[in-house]
Amino acid sequence: MKILRIVSELDFGGVEQVVALSVPALSQKSGVKIKVIVLGKGGRISERLAQKGFEVLVLNKDTKIPNFQLVYQLKNIFEKEQVDVVHTQGAEANFHGIWAAKLAGVKTKIGEEIGLPNHHSYWKWIFKWVYKKADHVIAISESVKNTIISLGEVEGEKVKLLYNPVGLGNFGHGDKELGQRLYKSNNRGLEEVGDNLENMEVLGFTQDDGLKPEKDSLKPFVFVTTCRLVPIKNLDRLIQSFAKVKQINPNKEFELWLIGEGPEKENLNKLSNRLELGSLVRFFGFREDVSGFLREADVFILPSLSEGSSVSLAEAMMAGLPAIVTEVGGAKEILGESNSGILVNPYNEDSIFSAMQFMVDLSEEERIKMGRSAKKESERFSVEGYVASLMEVYRG
């Protein structure tokens, strides 16, 4: 079976991490040959995959819908490759890739809806037209599934629910060479302590739980989020809520860690300074491996205005963190029945603040108990389970 995975970009983000985890795992399946095509720009993930010997073709094309030249370029590639399955992820990839696969006569055409679309009538019609050409459409959460069906863009029987896989400390499947950086927290910040798992002893991790390091009396209470720094992630309200937590608890030390890059970084930094938070809000930029940051934090927080699903939340749960999660979209599905998180109204600053204060007021033992429940629930998102389900979709 020859499979082509089509994405718009392959630098960093949720879709990119799914590709990074699943492509190596799929390639280990007997009789499977897989190649990734990036319509626009490549980046960190595409480079890493290529370095590991996986086939990645970066087209560097304009992905804005519609690009008719891109459709016909893809059609020619599909015909030349004699591909069995085309799997597209995201709106631009779905539009150009599914159409091209139909023109090329590809046997199995699969689109994947990675967020909660908010389409007006024109775009509803466009994607209804596109998805008619697909054999299946993957939805990454029940919320996404219900949305695209209610919009009339796809028939319910075509939709396959498949939650994104997650993995900590690995790039890809069973590959411990990439990532695997653990971090040591102290009153000056974070220091890398090496690339070897033996350094877990330095951090106070134990082999039987791997949840939290031994408590450092100098360590502040840390809220952490890992995401793109873009408006929909609602980080301005998060910072404002964090400022209130700091004000209400003058005798406690706090930090807010933002792991990620994006166009809002400068605005968020200015907001932090205006609220006189200074270095308490820490911008660590993009990190290929977030596991050390998660394991050093106390609470994960995801206040997005909309969230189709959330790889970052599942990663935090895998690291044993309790969470504060937006009630909008499918992220709450990741929590499942674990009782390991609090749902908040992302449009209400008081809702975010109250949840943060609730976590601060809990004892460390109570938070660790929530973290254990989160870690247990995260087993639903194993790479092995995801690949097994994905192969069923590929086989029809």
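Keep in mind that this is a model prediction, so the values were computed, not measured.
- Remark: the Q357 side chain and the N249 side chain contain an N/O donor-acceptor pair separated by less than 3.5 Å.
- Looking only at distances, a side-chain donor or acceptor of D298 sits under 3.5 Å from a matching main-chain atom of V222.
- Ring-centre distance between F286 and F284: not below the 6.0 Å cut-off.
- With hydrophobic clusters built from ILVMFWY side chains whose heavy atoms lie under 4.5 angstrom apart, V19 shares a cluster with F381.
- Counted within 6.0 Å of NZ on K41, heavy atoms from surrounding residues, nucleotides or ligands total 12 or fewer; the atom is thus considered open.
- A salt bridge is defined here as a Lys NZ or Arg NE, NH1 or NH2 lying under 4.0 Å from an Asp or Glu carboxylate O, and K64 with E92 fails to meet this definition.
- Shown here for P346 and R237, the closest heavy-atom pair between the two residues is O-CD, 3.3 Å.
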Candidate pair R228 and E261, rule salt bridge (Lys or Arg N to Asp or Glu O under 4.0 Å), full reasoning: CA-CA 5 Å; R228 293 180 186 268; E261 291 287 355; over 6 Å; no

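- Minimum interatomic distance between L275 and A243 (heavy atoms only, all atoms of both residues): CD1-CB, 4.0 Å.
- With 3.5 Å as the limit, one finds a donor-acceptor pair spanning the side chains of E366 and S363.
- Heavy atoms from other residues, nucleotides or ligands lying under 6.0 Å from CD of E157 number more than 12.
- L271 and F353 fall within a single hydrophobic cluster, where Ile, Leu, Val, Met, Phe, Trp and Tyr side chains are chained together by heavy-atom contacts under 4.5 Å.
- Ion pairing between K75 and E79 holds under the 4.0 Å rule for side-chain N and carboxylate O.
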List the steps, then state whether side-chain contact (heavy atoms from CB on, under 4.5 Å) holds for I324 with M356. CA-CA 7 Å; I324 297 169; M356 295 174 79; 3.8 Å; yes

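- Residues I34 and V58 are members of one and the same hydrophobic cluster, defined by side-chain heavy-atom contacts under 4.5 angstrom among Ile, Leu, Val, Met, Phe, Trp and Tyr.
- Of all non-hydrogen atoms in V7 and Q89, the two that sit nearest each other are CG1-OE1, 3.8 Å.
- Salt-bridge formation is detected for the pair E81/K35: a Lys NZ or Arg NE/NH1/NH2 atom is positioned less than 4.0 Å from an Asp or Glu carboxylate oxygen.
- Here the side chain of T108 pairs no donor or acceptor atom with the backbone of V85 at under 3.5 angstrom.
- With respect to the salt-bridge test (charged N to carboxylate O, under 4.0 angstrom), the residues K160 and E392 do not qualify.
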Take I98 and K102, measure what side-chain contact (heavy atoms from CB on, under 4.5 Å) needs, and give me the verdict at the end. CA-CA 6 Å; I98 293 173; K102 181 69 173 179; 5.6 Å; no

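- Pairing each heavy atom of T225 with each of I301, the nearest pair is OG1-O, 2.8 Å.
- Counting heavy atoms of neighbouring residues, nucleotides and ligands inside a 6.0 Å radius, atom NZ of K61 does not exceed 12 of them.
- Between Y386 and Y163, the ring centre distance reaches or exceeds 6.0 Å.
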Which is it for N234 and Y347 under the side-chain contact (heavy atoms from CB on, under 4.5 Å) test, yes or no, and what are the steps along the way? CA-CA 8 Å; N234 202 28; Y347 295 94; over 6 Å; no

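- A cation-pi arrangement, defined by a distance under 6.0 Å to the six-membered ring centre and an angle within 45 degrees of its axis, is absent between K246 and F254.
- Other residues, nucleotides and ligands contribute at most 12 non-hydrogen atoms within 6.0 Å of the CG atom of N339.
- With contacts defined as side-chain heavy-atom distances shorter than 4.5 Å, the pair N60/L39 does not qualify.
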Go through it in stages, so that I can follow the logic: the residues are V32 and M391, the test is side-chain contact (heavy atoms from CB on, under 4.5 Å), and I'd like the CA-CA distance, side-chain angles, deciding distance and then a yes or no. CA-CA 10 Å; V32 169; M391 287 300 298; 3.8 Å; yes

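- When the shell of 6.0 Å around OH of Y72 is examined, it contains 12 or fewer heavy atoms from other residues, nucleotides or ligands.
- Using a cutoff of 4.0 Å between basic side-chain nitrogens and carboxylate oxygens, K332 and E327 are not scored as salt-bridged.
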Just distance, no hydrogens or angles: give the donor-acceptor pairs under 3.5 Å from side chains in residues 117-130, sequence neighbours left out.
{"from": "H119", "atom 1": "ND1", "to": "E153", "atom 2": "OE2", "distance (Å)": "2.6"}

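- Side-chain atoms of S141 and S143 include no donor-acceptor pair closer than 3.5 Å.
- L390 is connected to L49 through a chain of hydrophobic side-chain contacts under 4.5 Å among Ile, Leu, Val, Met, Phe, Trp and Tyr, so both are in one cluster.
- Within 6.0 Å of atom NZ in K252, more than 12 heavy atoms from other residues, nucleotides or ligands are found, so the atom counts as buried in its surroundings.
- Using a 3.5 Å distance cut-off with no hydrogens or angles, the side chains of N94 and T88 do pair a donor with an acceptor.
- Ionic pairing of K107 and D84 is not present here: no N-O contact between side-chain nitrogen and carboxylate oxygen is shorter than 4.0 angstrom.
- The hydrophobic cluster containing W99 does not contain I6, counting ILVMFWY residues as joined when their side-chain heavy atoms lie under 4.5 angstrom apart, directly or transitively.
- Here the closest non-hydrogen pair linking G260 and L229 is O-CD1, 3.5 Å.
- Minimum heavy-atom separation, T63 to G40: CG2-N, 3.7 Å.
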